[in-house]
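Since the structure comes first, as structure tokens, the remarks are kept for the end.
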Amino acid sequence: MGDILFQNTLTGRKEPFVPLHPGEVRMYTCGPTVYDFAHIGNFRTFVFQDILRRFLRMKGYRILQVMNLTDVDDRIIQNAAAAGVGIREYTEKYIRAFLEDTRTLNIQPPEHLARATDHIDDMVRLIQRLSEKSFTYSSDGSIYFRIAKFPGYGKLSKIDLSGIQAGARVDVDRYEKADARDFALWKAPKPGEYFWETSIGPGRPGWHIECSAMAMKYLGETLDIHTGGVDLIFPHHENEIAQSEAATGKPFARFWLHAEFLLVESEKMSKSLGNFYTLRDLFARGHRPSALRFLLASVPYRRQLNFTMDGLQQAASSVERLRNFVARLKTEKFPAGQSDSMAGRVRQAAADFEKGLEDDVNTAQALAAVFDLVRDVNTAIDRGEFRQGDAPQVLAAMQESDSIFSLLVDEDAAKLRALGFDAAAGPDDVEIEALVAERQAARKRGDYRYADRMREQLAERGIILEDTRDGGVRWKRK
RNA sequence: GGCGCGGUACCCAAGAGGCCUAAGGGAGAGGUCUGCAAAACCUCCAUUCGUGGGUUCAAAUCCCACCCGCGCCUCCA
């Protein structure tokens with residue numbers, strides 16, 4: 001078992017990862033702002049976080065993960081007001097949708113899913129703590145963090161702030177700041193706006209404070225890993241570091257891992273370009289959850305991922321190959337015994353798989369190891385060299401890789417049905433089995449015309465039949 | 001302008017000085033197997049890694065210049 005290497009945004013280097021507390025990794029992953037349905041770009045990051053988590057688990061660590069749900073911000077307040085509902089009520093719908101999407105993509109739930117509005121007290125206390133150390137000042141009822149007092153500011157983003165002049169873009173906020181670079185910890189309510197009555201005055205939290213407060217509440221003052229999209233490096237994560245470390249005097253997060261952007265047809269995804277997709281949009285076009293998960297997972301997180309419908313199609317074919325392979329191992333009968341080369345081959349594949357992930361979560365490399373094994377085993381089977389006793393260990397290796405990628409269990413149809421897409425509607429298992437038996441009988445008596453017609457009819461209903469060598473038949477839903 | 005990704009076959013994509021006469025997947029062509037299919041297997045599919053220089057015994061990998069795509073630079077994953 002080799003070292004785990006992570007490219008750390010903080011140091012700009014690839015570094016060996018060892019958690020602070022033996023046997024346990026404490027990670028904070030930036031979650032969605034629940035003002036709308038999450039899109040595939042968001043899920044690129046969330047799938048990465050999931051794979052990171054699953055990988056660390058595979059390496060034997062206990063995981064303590066916190067993901068935030070930002071359920072208060074300008075857009076939420078505006079949209080909720082426009083809809084004439086409270087912000088809790090407004091965000092509830094999107095939180096539910098997010099959790100549903102998350103399950104659809106087999107993203108494991110974190111140990112703590114933290115809603116910002118459930119942690120106002122924690123934020124207030126953190127702001128107080130900062131105030132006691134004179135890192136804050138008030139202006140018009142809002143409280144700001146004084147960046148000039150924090151010497152390490154900019155160490156994550158390596159951004160040169162001297163170019164940002166005081167007052168240059170103050171209008172964005174309509175609040176009075178001493179220095180344009182300062183950011184709001186607490187925002188005074190605008191007239192008619194939703195606010196909390198607290199010991200530091202009425203208002204609502206700034207964007208960054210929730211992550212610091214919730215991360216430290218559940219994970220302690222120094223986390224092992226903090227992740228999010230590259231766009232969050234500045235200002236969000238930079239500000240998290242400033243306010244957290246100013247308060248505690250300790251390093252906030254030891255490793256910062258940032259997922260690159262997903263592009264659509266080489267362009268930034270945006271509503272105006274019409275290339276903005278939610279999971280539901282893709283499912284409505286007949287694409288599968290597993291295909292999307294494969295596509296999002298197959299490109300290493302640090303690379304921009306160019307999303308295309310063709311790519312999604314290709315991903316679906318790749319998933320099919322894996323599933324066909326596992327089905328073959330489970331249903332086909334092989335000569336008894338055990339071959340002498342297979343155990344070593346499987347061990348090699350498992351080692352290559354792990355080695356890929358150890359190198360900064362290189363999923364492309366890990367998948368290549370899986371596909372290599374698939375081909376070699378298929379070849380061995382076709383040559384008659386594969387033995388029944390080899391099957392369990394190959395299947396175990398496939399299971400192991402699937403503990404990371406989660407693609408083998410075919411739940412696509414059930415998920416789509418649960419989400420209300422009828423694309424997946426078709427005959428149930430009992431009916432299929434009966435039709436398959438009828439066709440088998442036809443084949444036995446040599447009535448191939450009838451048998452072939454039945455196969456075509458089933459294909460039209462989305463059922464693919466594969467006759468096996470031993471005269472049996474295997475079927476699957478398309 | 002500053003900071004940061006990246007440009008490898010028809011498409012996606014790994015590799016970051018010699019194991020590369022460049023992984024893996026998808027698509028395509030031919031073949032094997034099959035009653036026919038499907039699946040699977042075999043063969044073919046980049047003498048070449050954006051372009052031009054340079055360093056080196058050796059470069060897709062290092063250096064320089066240029067071209068192109070994308071992101072961040074106050075609330076977007």
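FYI, side chains are in, hydrogens and waters are out, and symmetry mates aren't considered; it's all heavy atoms of this structure. Per chain, numbering begins at 1; letters A, B, ... match sequence-line order.
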Problem - Side chain of A:Leu232 (C-beta onward), nearest among B:C75, B:A77, B:A39 - result: B:A77
Exercise for the section: Give one of base, sugar-phosphate or nothing for A:Gly311, where a contact means two heavy atoms less than 4.0 Å apart. Expected result: nothing
Exercise for the section: Just say parallel, tilted or perpendicular for the rings of A:Phe145 and A:Phe135, cut-offs at 30° and 60°. Expected result: parallel
Practice task
Using a cut-off of strictly less than 4.0 Å, decide whether A:Arg375 has a side-chain nitrogen or oxygen near OP1 or OP2 of B:G24.
Solution key: yes
Problem - Phosphate contact (B:C42 OP1 or OP2) by A:Thr379 side-chain N/O below 4.0 Å - result: yes
Problem - A:Lys158 side-chain N/O to B:C73 phosphate OP1/OP2 under 4.0 Å - result: no
Exercise for the section: Please state how far atom NZ in A:Lys268 lies from atom C1' in B:G71, giving the value in whole angstrom units. Expected result: 7 Å
Handout entry: side-chain N/O A:Asn42 vs B:A77 OP1/OP2, d < 4.0 Å
Key = yes
Practice task
When you get a sec, tell me which of B:C76, B:G6, B:A40 is the closest nucleotide to the side chain of A:Arg303?
Solution key: B:G6
Handout entry: Residues touching RNA chain B, which here means a heavy atom under 4.0 Å, drawn from residues 313-327 of chain A
Key = A:Gln314, A:Ser317, A:Ser318, A:Arg321, A:Asn324
Handout entry: Residue A:Arg328, side-chain atoms from C-beta onward, closest of B:A77, B:A14, B:A40
Key = B:A40
Problem - Shortest side-chain distance from A:Gln304, nucleotide among B:A39, B:G4, B:A13 - result: B:G4
Fill in the blank from the handout: Quick note, A:Glu466 side chain, CB onward, closest among B:A14, B:C73, B:A39 is B:A39
Handout entry: Which nucleotide in B:U74, B:A14, B:G71 has an atom nearest any side-chain atom of A:Asn362
Key = B:A14
Practice task
Just compare B:G24, B:A14, B:A39 and give me whichever is closest to any side-chain atom of A:Ala368.
Solution key: B:G24
Problem - Per A:Asp372 side chain, nearest of listed nucleotides B:A77, B:A40, B:A23 - result: B:A23
Exercise for the section: Classify every nucleotide of nucleotides 30-35 of chain B by which part a protein heavy atom approaches to under 4.0 Å, writing B for the base, S for the sugar-phosphate alone and - for neither, in 5'-to-3' order. Expected result: -----B
Practice task
Considering only atom C1', compute the distance from B:C11 to B:U47 and round it to an integer number of Å.
Solution key: 23 Å
Practice task
Identify whether any heavy atom of A:Pro32 sits under 4.0 Å from a base atom; if not, whether one sits that close to sugar-phosphate; answer base, sugar-phosphate or nothing.
Solution key: nothing
